[in-house]
Amino acid sequence: MRERSKYGMPPPKTRREFEHNLFLLVEETNRILASDEKDIIRNFLWATYPHIKGIRNHPNGRINFLTVNEQARLQANMKKWMSRNNY
């Protein structure tokens, strides 16, 4: 069993881990938009989409971290943390 931090959600340690968390958010976005649940889609478009629509990539395909705002960062890291802790 993984030991839980008493300080809550740990931040990603590397760029690779942070990019992975953002791609988990992208997968969740695709899953929500592909569903037929109008309430979930409406909630996503209201709460999350405004924060992820501005994320851009560099020409080499890496994520431009200057375009990731605080809300998108927290959402992406929370997705990873929740999947790790089986919430």
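Since this is a predicted model, take the numbers as computed values, not measurements. Sequential numbering from 1 along the given sequence is applied to the chain's residues.
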State, with a plain yes or no, whether a side-chain heavy atom of T29 is found less than 4.5 Å away from one of L33.
yes
Does some side-chain heavy atom of F44 sit less than 4.5 Å from a side-chain heavy atom of I52?
yes
Note: I32 and I41 closest approach over all heavy atoms is O-CG1, 3.4 Å
Please name the pair of heavy atoms, one in I63 and one in H58, separated by the smallest distance, quoted to 0.1 Å.
O-CD2, 3.7 Å
How close do A72 and N69 get, heavy atom to heavy atom, and via which atoms?
N-OD1, 2.9 Å
If you count the non-hydrogen atoms of other residues, nucleotides and ligands that lie under 6.0 Å from CG in N60, is the total more than 12?
yes
So which atom in E17 and which in P12 form the shortest heavy-atom distance, rounded to 0.1 Å?
OE2-CA, 3.5 Å
First locate atom CZ of R56, then atom CG of L66, and finally report the distance between them rounded to the nearest 0.5 Å.
13.0 Å
Close side-chain approach of W81 to N21, heavy-atom, < 4.5 Å
no
Give a yes or no on whether F65 and I55 share a hydrophobic cluster (residues Ile, Leu, Val, Met, Phe, Trp, Tyr; joining criterion: side-chain heavy atoms under 4.5 Å apart).
yes
Could you check whether atom OH of Y49 has more than 12 heavy atoms from other residues, nucleotides or ligands sitting under 6.0 Å from it?
no
State, with a plain yes or no, whether a side-chain heavy atom of D39 is found less than 4.5 Å away from one of N43.
no
To the nearest 0.5 Å, what is the distance between NZ (K80) and CD (Q75)?
15.5 Å
Any side-chain heavy-atom pair from R15 and R62 closer than 4.5 angstrom?
yes
Are L25 and L45 connected in a single hydrophobic cluster, I mean Ile/Leu/Val/Met/Phe/Trp/Tyr linked by side-chain heavy atoms less than 4.5 Å apart?
yes
Using 4.0 Å as the upper bound for N to carboxylate O, is an ion pair formed by E27 and R31?
no
Quick one: are F23 and K79 in side-chain contact, heavy atoms under 4.5 Å?
no
Carboxylate-amine/guanidinium contact R73 E70, below 4.0 Å
yes
